[in-house]
Amino acid sequence: MGLFGRTPDKSPKEQVNEWSQKIRKEMRVIDRQIRGKIQSTEMLEDTFESMEDGEEMEEAAEEEVDKILFEITAGALGKAPNKVTDALPEIKPAAAAAASEDESEEDIEAMQSRLAALRS
């Protein structure tokens with residue numbers, strides 16, 4: 001009786017060679033899989049590193065914008081509060097609309113008088 005209860009069809013040397021070839025083949029497959037996983041891991045690490053660099057660049061850009069705005073406003077922007085805490089005054093919409101209608105009617109009349117003067 002042979003190995004594992006079977007009678008050997010092949011000589012032990014042939015069986016060892018066959019098993020060695022199978023093992024080598026499986027090792028090559030596993031090696032390829034491991035290399036692929038390593039490459040994937042490296043790519044993910046590079047991606048995360050570049051994302052961190054993007055955040056640093058964004059912070060630097062915000063600082064530059066703040067500097068430029070400070071220079072343009074001659075420092076007035078630095079004196080402004082970060083957020084508004086006072087409530088905005090309430091405006092009556094009817095009064096505002098009536099005032100704007102009166103102004104627009106006056107503007108239209110002024111433009112029409114200018115147009116008439118130009119025509120004559």
Side-chain angles (χ1 to χ4, degrees):
M1 203 173 241
L3 189 63
F4 302 114
R6 289 192 249 156
T7 56
D9 296 333
K10 300 177 184 177
S11 70
K13 190 173 187 177
E14 290 173 345
Q15 286 180 342
V16 168
N17 287 337
E18 182 180 330
W19 292 340
S20 295
Q21 289 174 357
K22 287 181 181 179
I23 290 172
R24 278 191 225 117
K25 182 179 177 184
E26 287 298 316
M27 287 176 65
R28 282 192 296 269
V29 169
I30 291 171
D31 184 55
R32 275 189 237 124
Q33 290 175 347
I34 290 172
R35 289 177 194 263
K37 298 292 182 189
I38 290 172
Q39 287 177 344
S40 298
T41 304
E42 289 174 353
M43 289 173 58
L44 284 172
E45 288 175 356
D46 291 345
T47 301
F48 286 127
E49 286 176 6
S50 67
M51 289 173 61
E52 291 171 1
D53 292 343
E55 291 173 1
E56 292 172 3
M57 288 177 55
E58 186 176 327
E59 290 174 5
E62 286 180 15
E63 289 177 9
E64 285 297 317
V65 168
D66 289 341
K67 284 181 190 176
I68 293 170
L69 288 174
F70 188 80
E71 290 174 10
I72 291 173
T73 60
L77 187 62
K79 297 174 187 174
N82 287 339
K83 64 178 185 176
V84 177
T85 56
D86 299 337
L88 296 174
E90 293 185 28
I91 298 175
K92 296 180 182 178
S100 65
E101 286 179 17
D102 290 339
E103 290 175 3
S104 63
E105 287 178 17
E106 292 173 3
D107 290 340
I108 291 173
E109 289 175 7
M111 285 185 217
Q112 286 177 347
S113 65
R114 283 190 226 146
L115 182 61
L118 289 172
R119 287 185 182 164
S120 58

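In what follows, every heavy atom counts, from backbone to side chain, and hydrogens, waters and symmetry copies are set aside.
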Is the backbone N or O of S11 less than 3.5 Å from a side-chain atom of E14, with the two atoms forming a donor-acceptor pair by type? yes

Measure the spacing between [atom1] of [X] and [atom2] of [Y] and express it to the nearest 0.5 Å.
| X | Y | atom1 | atom2 | result |
| --- | --- | --- | --- | --- |
| K10 | N17 | NZ | CG | 10.0 Å |
| R28 | D31 | CZ | CG | 10.0 Å |
| R119 | L115 | CZ | CG | 4.0 Å |

Side-chain donor-acceptor pairs of residues 40-47 under 3.5 Å, sequence neighbours excluded:
residue, atom, partner, partner atom, Å
S40, OG, G36, O, 3.0
T41, OG1, K37, O, 2.8
T47, OG1, M43, O, 2.9

Output the rest of the hydrophobic cluster of I23: all Ile, Leu, Val, Met, Phe, Trp and Tyr residues reachable through side-chain heavy-atom contacts under 4.5 Å, sorted by chain and number.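 Cluster partners of I23: M27.
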
Do the side chains of E18 and K22 get close enough for a salt bridge, i.e. N-O under 4.0 angstrom? yes

